[in-house]
Amino acid sequence: MAPGPLATDPFVRRYDPAMAEYDPATALIVVDVQNDFADPAGSLAVARAGRILPRINDQVAVARAAGAVVVYTQDWHPESTPHFAKDGGIWPVHCVADTWGAELHPDLVVDGEVIRKGSNGEDGYSGFTMRDAVTGAMIPTPLESLLRERDVSRVVICGLATDYCVNATALDARRLGFETQVLMNAVAAVNLQPGDAERALTAMADAGAELVGT
Ligand code: VGL
Ligand code: ZN
């Protein structure tokens with residue numbers, strides 16, 4: 001079907017069925033929209049990341065206007081970590097602290113708090129928890145306390161990547177008792193193994209997260 005006039009009207013976006021509803025008890029969590037994932041020149045570039053960026057910015061604007069909390073996470077690694085293939089892990093080197101690849105993408109509207117996962121060399125995918133590289137213990141990031149301080153009971157999640165950090169953040173949000181929505185038109189997957197994205201969607205839905213826009 002050819003796009004009708006509605007499709008080109010910028011105000012129609014407001015009625016996008018995949019647009020979440022926001023209020024002050026809701027937090028929009030924008031996961032890892034960083035150069036290494038979101039820029040085609042990034043070391044772990046996610047296909048379609050460029051397509052979801054404007055949708056994420058739309059969500060940020062609507063969330064802000066409704067008085068919701070907006071937070072951004074950043075994958076933040078030391079130069080050597082068991083996360084990287086060169087050190088025994090599975091990933092190319094990416095999001096090394098204080099490098100271009102770790103910076104939030106320049107096209108992302110940043111209007112809220114930024115949480116760096118692993119500022120002290122910890123690893124992990126979730127915005128809520130990370131693993132101490134030495135002891136292996138799971139330790140919290142500041143995200144949960146930030147949300148509790150602001151009386152947030154519901155989180156809306158978008159960003160990168162569906163099958164890793166979005167998935168881990170959504171599962172932790174459910175475990176911590178937050179009502180959780182994941183925006184299907186504002187996430188994209190790495191798909192290191194075929195089927196990773198589908199498995200992540202099933203895991204999130206099984207944990208009680210609502211997949212908005214499916
Ligand atoms: C991520 C792979 C490695 C993510 C982070 O942000 O989803 N994926 N590190
Ligand atoms: Zn990483």
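Source: prediction; values computed, not measured. Remember, it's 1-based here, ligands and their atoms both numbered in the order they're listed.
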At under 4.0 Å between heavy atoms, which part of Val166 makes contact with ligand 1: side chain, backbone, both or neither?
-> neither
Which atom of His77 approaches the Zn ion (ligand 2) most closely (N/O/S) | NE2
Is there a donor-acceptor contact under 3.5 Å from the side chain of Asn191 to the main chain of Ala197?
-> yes
Do the side chain of Gln74 and the main chain of Lys117 share a donor and acceptor less than 3.5 angstrom apart?
-> no
Are more than 12 heavy atoms from other residues, nucleotides or ligands located less than 6.0 Å from atom CD of Glu103?
-> yes
Would you give the length of the straight line joining atom OG1 of Thr99 to atom CG of Asp36, rounded to the nearest 0.5 angstrom?
-> 6.0 Å
Rounded to the nearest 0.5 angstrom, the CD-CD distance for Gln181 and Glu21 is 8.5 Å
For His94, is at least one N or O under 3.5 Å away from an N or O on ligand 1?
-> yes
Atom CG in Asp32, atom CZ in Phe37: separation rounded to 0.5 Å?
-> 5.5 Å
Name the closest protein heavy atom to atom 5 (C) of ligand 1, giving the residue it belongs to and the distance to 0.1 Å.
-> Asp75 OD2, 3.1 Å
Closest approach of any protein heavy atom to atom 4 (C) of ligand 1, naming residue and atom | Cys165 SG, 2.8 Å
dist Phe178:CZ -> Thr169:OG1 (nearest 0.5 Å) comes out at 12.0 Å
Min heavy-atom dist Gln34 to ligand 1 below 4.0 Å | no
Is the closest N or O pair between Trp91 and ligand 1 shorter than 3.5 Å?
-> no
Kindly confirm whether the Zn ion (ligand 2) is within less than 2.8 Å of some N/O/S atom in His83?
-> yes
Considering distance alone, does some N or O of Ala161 sit under 3.5 Å from an N or O of ligand 1?
-> yes
Do me a favour and list the nearest non-hydrogen protein atom to atom 6 (O) of ligand 1 with residue, atom name and distance?
-> Asp32 OD2, 2.6 Å
Please state the angle at the Zn ion (ligand 2) spanned by OD2 of Asp75 and NE2 of His94: what is it, rounded to 10 degrees?
-> 90°
Would Val190 count as a contact of ligand 1 if the rule is a heavy atom under 4.0 Å away?
-> no
Paired with His77, the ring pair (Phe, Tyr, Trp, His ring centres under 6.0 Å) test is passed by just one of Phe84, Trp91, Tyr125, namely Phe84
Which residue and heavy atom of the protein sit nearest atom 8 (N) of ligand 1, plus the separation | Tyr164 CB, 3.7 Å
For His83, take its heavy atoms, then give the atoms of ligand 1 lying under 4.0 Å from any of them.
-> 3 (C), 9 (N)
Any donor-acceptor pair under 3.5 Å from Asn57 side chain to Asp107 backbone = yes
